[in-house]
Amino acid sequence: MLPKIRQRWLRPIGLLASLMTLYLVPSWYCGRDAQAWFNGDPGLQRALAEEQIHFEEKDDRHRVGPTQNRFSGEWALVTHQMTALGLAQLCLAHPDWSARYAPWATRAALKSMSPEMRDFGTRAWNEDALSSLAGSHGHAYLAYAALAIGMARLVDSAFPVREGRQHDALIAAYERRLLASPTGLIETYPGEAYPTDVAAVAAAIAVHGRATKADHRKVLDHWVRQVRRVQLDPQSGLIIQRLSAKDGKRHDAPRGSGTGLAAYFAGFVDRPLFVQLADGLWQNETALLRFGAIREYAKGYSGDGDTDSGLVLFGVSVAATGFALAPSHALRRLHEFELLYRTTELFGIRIQQDARTRFATGGPIGNALMLALLTSGPEVVE
Amino acid sequence: MNPDWKKRALFVVTVCVAYALFGWGFASQSEGLITPEMSVSPWPLALGIGTILFRLVGLFWLLPQCTYWFVRGVAARIMKGDG
């Protein structure tokens with residue numbers, strides 16, 4: 001038998017070791033690849049890119065037609081859009097990879113613009129966005145595809161001319177609608193305006209300017225001014241999720257998911273605004289045991305998860321946390337990136353299979369997003 | 001072997017095997033988690049939820065608990081030797 005005084009020490013010693021393990025080991029395990037992603041490890045980037053190419057090939061064989069559900073339609077469009085953006089970013093970062101990835105960026109981008117992809121928007125407005133370019137309806141959802149097309153045009157010298165002209169016409173319509181809006185907002189669906197979607201519109205216009213040398217400074221300056229004046233909540237630093245396009249009246253709270261994606265899009269347009277939105281996200285970051293996450297609702301607001309945020313658990317959201325990877329990577333904030341990446345790996349579960357890698361819980365849309373967000377940087381305007 | 005240690009070892013092995021099985025199943029099925037029509041397939045979803053749950057249990061409870069048992073056991077042996 002041990003003397004009593006010594007036995008009393010056994011429990012605290014065990015507890016201390018247990019707490020140290022809890023603090024250090026899970027975060028180390030889930031953050032093993034964080035540095036490699038942060039430093040743009042070519043093996044990891046290629047493996048995720050190949051996974052998305054594999055998905056695009058499979059999708060060509062299995063796609064059956066337009067979906068009847070708006071959210072499923074949005075998912076499909078964003079999957080192809082983010083694949084195109086991620087592949088194009090890799091081409092910008094590694095020009096010698098363009099021979100492999102630029103044609104796939106074009107293919108994914110063109111698919112995101114196809115009639116079956118934009119069908120959900122056509123049904124919402126009762127008119128096709130590309131057949132009503134002279135009209136005043138916003139159709140902001142299609143800016144996601146327009147941005148992908150712009151990036152494909154930027155990196156693929158063989159981009160088809162006819163689709164390029166169609167893209168020019170769509171961008172001209174967006175430019176006219178955005179300049180006419182005193183709030184810097186245009187509608188996504190009738191009566192619904194989302195600043196994040198309009199950030200995609202601005203990014204599409206900006207990238208079109210880079211690809212074609214067209215001058216869009218006037219409209220982009222207007223958008224940046226109105227984001228700061230109308231769409232940004234000064235207290236939280238977050239973008240208001242939904243507003244009235246006519247008078248800027250708030251229809252939702254300042255939220256992390258919208259701000260995260262808007263920050264990524266702002267990177268294509270205006271660096272100071274990109275930094276400002278990224279700061280807003282980090283102000284709303286919370287960490288536990290060296291795992292980081294972004295709060296979905298600004299302090300003083302509350303709500304449930306929805307299609308924009310994904311699951312909201314203990315006040316933090318899947319989408320906001322994932323989107324915040326992009327500014328952390330692009331602005332070289334290693335500490336913030338590691339915190340967020342560990343959480344992404346914990347729930348995303350990265351799997352390596354042959355020459356491909358994927359985040360198993362995200363499905364094609366999660367992997368497309370990860371490709372774009374984890375390789376963010378080369379697209380950001382200086 | 002102390003009966004307490006046997007029970008603990010059996011528990012640890014059970015959780016590890018369950019995690020490995022769910023993880024393996026999910027890795028092989030996860031490509032079909034989201035269908036081309038962008039709907040979620042229930043079977044890979046169940047495997048995914050199981051994998052995440054066992055991962056959380058393993059990393060945040062089992063691992064610190066094993067450390068506690070191990071360090072306490074080693075400390076007890078050292079103190080016994082001193083005495």
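Quantities reported herein were computed from a predicted structural model and do not represent experimental measurements. First the proteins, then the strands, lettered A, B, ... as listed; each starts at 1.
Contact of Arg350(A) with chain B is not made at all, since no heavy-atom distance falls under 4.5 Å. Only the side chain of Phe291(A) comes within contact range of chain B, with heavy atoms under 4.5 Å apart. Both the backbone and the side chain of Glu31(B) come within less than 4.5 Å of a heavy atom in chain A.
The minimum heavy-atom distance between Tyr68(B) and Gly14(A), with the atom names listed, is CD1-C, 3.1 Å. Closest non-hydrogen pair, Met79(B) versus Ile13(A), comes out as CE-CD1, 4.2 Å. Contact detail for Arg55(B) and Glu345(A): the closest heavy-atom pair is NH1-O, 2.8 Å. The two residues Phe347(A) and Ile52(B) have their closest heavy-atom pair at O-CD1, 3.6 Å. Of all heavy-atom pairs spanning Leu22(A) and Pro64(B), the tightest one is CD1-CG, 3.7 Å. The minimum heavy-atom distance linking Ile351(A) with Ser30(B) is given by the pair CD1-OG, 4.1 Å.
Contact count versus chain B (heavy atoms, under 4.5 Å) is highest, among Leu16(A), Leu289(A), Ile349(A), Asn367(A), for Ile349(A). The residue among Ser18(A), Ala17(A), Gly363(A) with the most heavy atom pairs within less than 4.5 Å of chain B is Ser18(A).
Annotation: side chain of Leu59(B) is in contact with side chain of Leu346(A) (closest heavy-atom distance under 4.5 Å).
The line from CD1 of Ile49(B) to OG1 of Thr361(A) is 10.5 Å long, rounded to the nearest 0.5 Å. In this structure, the separation between CG on Leu24(A) and CG on Leu63(B) is 11.0 Å, given to the nearest 0.5 Å. The CD1 atom of Ile78(B) sits 10.0 Å away from the CG atom of Leu10(A) when rounded to the nearest 0.5 Å.
Within a 6.0 Å sphere centred on CZ of Arg32(A), heavy atoms belonging to other residues, nucleotides or ligands number more than 12.
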